[in-house]
Amino acid sequence: MPELPEVEVVRAGLAPAVTGATVAGVEVVDARALKRHVPLAGDDGLGGHGVSLTAEAGVPRIADFERRLTGALLGAPARRGKFLWIPLSPDEALLAHLGMSGQMLLRSHDAADDRHMRVRLWIEHPDHGELRLDFADQRLFGSLALDGLVPTADGFAAGRGTDLAVLPGQAAHIARDPLDPAFDDAGFIAGLRRRGVAVKSAILDQTLISGVGNIYADEALWRARLHPEAKANAVSARKAAELLTHLREVFAKALAEGGTSFDAQYVNTNGQAGYFAHSLNAYGRGGAPCPRCGTAIRRIPFAGRSSHFCPRCQRRR
DNA sequence: CATATTTCCTGCCTGC
DNA sequence: TGCAGGCAGGAAATAT
């Protein structure tokens, strides 16, 4: 459920508290929250290289994560699409993906445990004192990892919150998001129109455009009056440009309202919900009248989830 | 190569 | 009241 606006709310909330802070302690409560963490190959005592990675069974994933993170100095949090990272050094970062229910919560040392708390960092900030940064995740689709930083393909700054042209290796294949000043509009339009899949599938593909999930895909398609199952390669260049504009507008509006919260799963770093759910026109509104024409919004199965659209405003061609 | 399907996971909600 | 089943969803892995 966290898509670009929700992850950006989290990034902005973390920035003042973590930038310049030191990690005083790390506690991994549930190793499943480290799904993406690849432990460094241990010192084999033979003076080995130390750069090779392994995910072989037997490597103490939790211990590796805790050991490498403890004592680290945290840089400014950065984001591309739904991927969030906090640099630890010029070549390493703490990478976070919230999945559907991940939360990054800033708490005082003596605050009660949040439900589904999986990983805890005790941090010390020179100006703000001691805090806990708790990663909570009900459905465990999210994860934390330590990952190497690699150069961006285009040489521009990697994403929101950073001026550096490096990003975690695990996020290197992700396209820029539409709020990124270095986003390639023409490349997106051409790429979209080259695909034989449904237009909704295309905008959910994070290698074409990042940050879009089911909610904002439905909202942008509603705004652009495009049927979710229309073939991407049948969308005109003009319409594709319009769709991009609508994605930017809906992201900006949702961001201004603190993101979309349907249940207790999406919250900011203080555990508070956003307000954009009240502004949705299509998503989650099956059977309700289209705000534009009054026709009942239709809900249809789509790739194991649902699409919501107006059958009158959004024709298949 | 491009596209489609499966997998991971918990908790809420519905229907019997 | 209990319990099975459906649903929610991002992205990597696997299959076609």
Side-chain angles (χ1 to χ4, degrees), chain A residues 1-8 10 29-38 53 55 61 79-85 95-104 113-119 135-145 147 167-177 190-220 228-234 247 251 254 259-267 273-274 276-277 280 282-287 299-308:
Chain A
M1 191 172 311
E3 303 180 30
L4 186 150
E6 293 76 34
V7 182
E8 175 56 22
V10 172
V29 173
D30 191 328
R32 293 175 299 176
L34 298 185
K35 215 171 299 188
R36 292 161 176 268
H37 179 65
V38 182
L53 301 175
R61 178 181 303 242
R79 179 193 57 75
R80 173 184 290 202
K82 306 170 198 171
F83 284 80
L84 182 65
W85 67 93
L95 174 65
H97 195 293
L98 303 180
M100 325 194 12
S101 53
Q103 306 173 333
M104 299 283 263
D113 271 10
D114 288 278
R115 233 180 142 190
H116 311 302
M117 208 281 291
R118 312 291 188 186
V119 180
F135 178 71
D137 188 8
Q138 179 201 101
R139 274 160 268 191
L140 289 164
F141 275 30
S143 67
L144 300 183
D147 198 13
L167 79 171
Q170 291 185 34
H173 64 296
I174 298 300
R176 290 181 179 278
D177 63 65
L192 181 83
R193 303 184 66 231
R194 215 180 289 130
R195 299 189 180 220
V197 298
V199 63
K200 179 167 171 177
S201 299
I203 61 174
L204 287 172
D205 181 347
Q206 307 296 303
T207 66
L208 178 65
I209 183 171
S210 68
V212 185
N214 207 36
I215 297 173
Y216 296 104
D218 281 359
E219 290 302 302
E229 292 174 329
K231 289 281 185 268
N233 56 17
L247 280 165
F251 276 161
T260 300
S261 304
F262 272 103
D263 51 26
Q265 297 315 316
Y266 165 67
V267 294
F276 192 71
L280 296 172
Y283 183 84
R285 299 192 64 249
R299 175 181 168 212
I300 61 171
F302 167 83
R305 43 189 69 91
S306 296
S307 285
H308 312 76

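Letters go in sequence order (proteins before strands), and every chain restarts at 1.
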Side-chain N or O of A/Ser306 less than 4.0 angstrom from OP1 or OP2 on C/dC7? no
Whether the side chain of A/Asp218 engages the backbone of A/His308 through a donor-acceptor N/O pair (distance < 3.5 Å, no angle test) should be reported. yes
Under 3.5 Å, is there a donor-acceptor pair between the side chain of A/Glu3 and the main chain of A/Lys82? no
Starting at CD1 of A/Ile300 and ending at P of C/dA8, how long is that distance when rounded to a whole Å? 12 Å
Looking only at atom types and distance, does a side-chain atom of A/Asp177 sit under 3.5 Å from a main-chain N or O of A/Gly211, one as donor and one as acceptor? no
Rounding to an integer number of Å, can you tell me how far A/Leu84 CG sits from C/dG10 C1'? 15 Å
Could you state the atom-to-atom distance from CD1 of A/Ile209 to P of C/dG10 in whole Å? 15 Å
Spell out, as yes or no, whether a donor-acceptor pair under 3.5 Å connects the side chain of A/Asp147 to the backbone of A/Gln170. yes
Does the A/Ser210 side chain pair with the main chain of A/Ala175, one donor and one acceptor, at a distance under 3.5 Å? yes
Hey, which sits more toward the 5' end of DNA chain B by its nearest nucleotide, A/Ala198 or A/Gln138? A/Ala198
Hey, is the main chain of A/Arg118 close enough, under 3.5 Å, to the side chain of A/Asp30 for a donor-acceptor pair? no
Kindly say whether A/Gly81 contributes a backbone atom to a donor-acceptor pair with the side chain of A/Arg79 at under 3.5 angstrom? yes
Quick one: what's the B/S/- string for nucleotides 11-16 of chain C, heavy-atom cutoff under 4.0 Å, read 5' to 3'? SS----
Under 4.0 Å between any heavy atoms, over every strand shown, what does A/Arg299 touch: base, sugar-phosphate, or nothing? Just pick one. sugar-phosphate
How would you give the extent of chain A contacts on DNA chain B, as first and last nucleotide 5' to 3' within a 4.0 Å heavy-atom cut-off? B/dT3 to B/dC12
Determine the contact category for A/Gly196: base if any of its heavy atoms lies under 4.0 Å from a base atom, sugar-phosphate if only primed atoms, P, OP1 or OP2 are that close, otherwise nothing. sugar-phosphate
Treating A/Asn214 as the side-chain partner and A/Ser306 as the backbone partner, does any N or O pair qualify as donor plus acceptor under 3.5 Å? yes
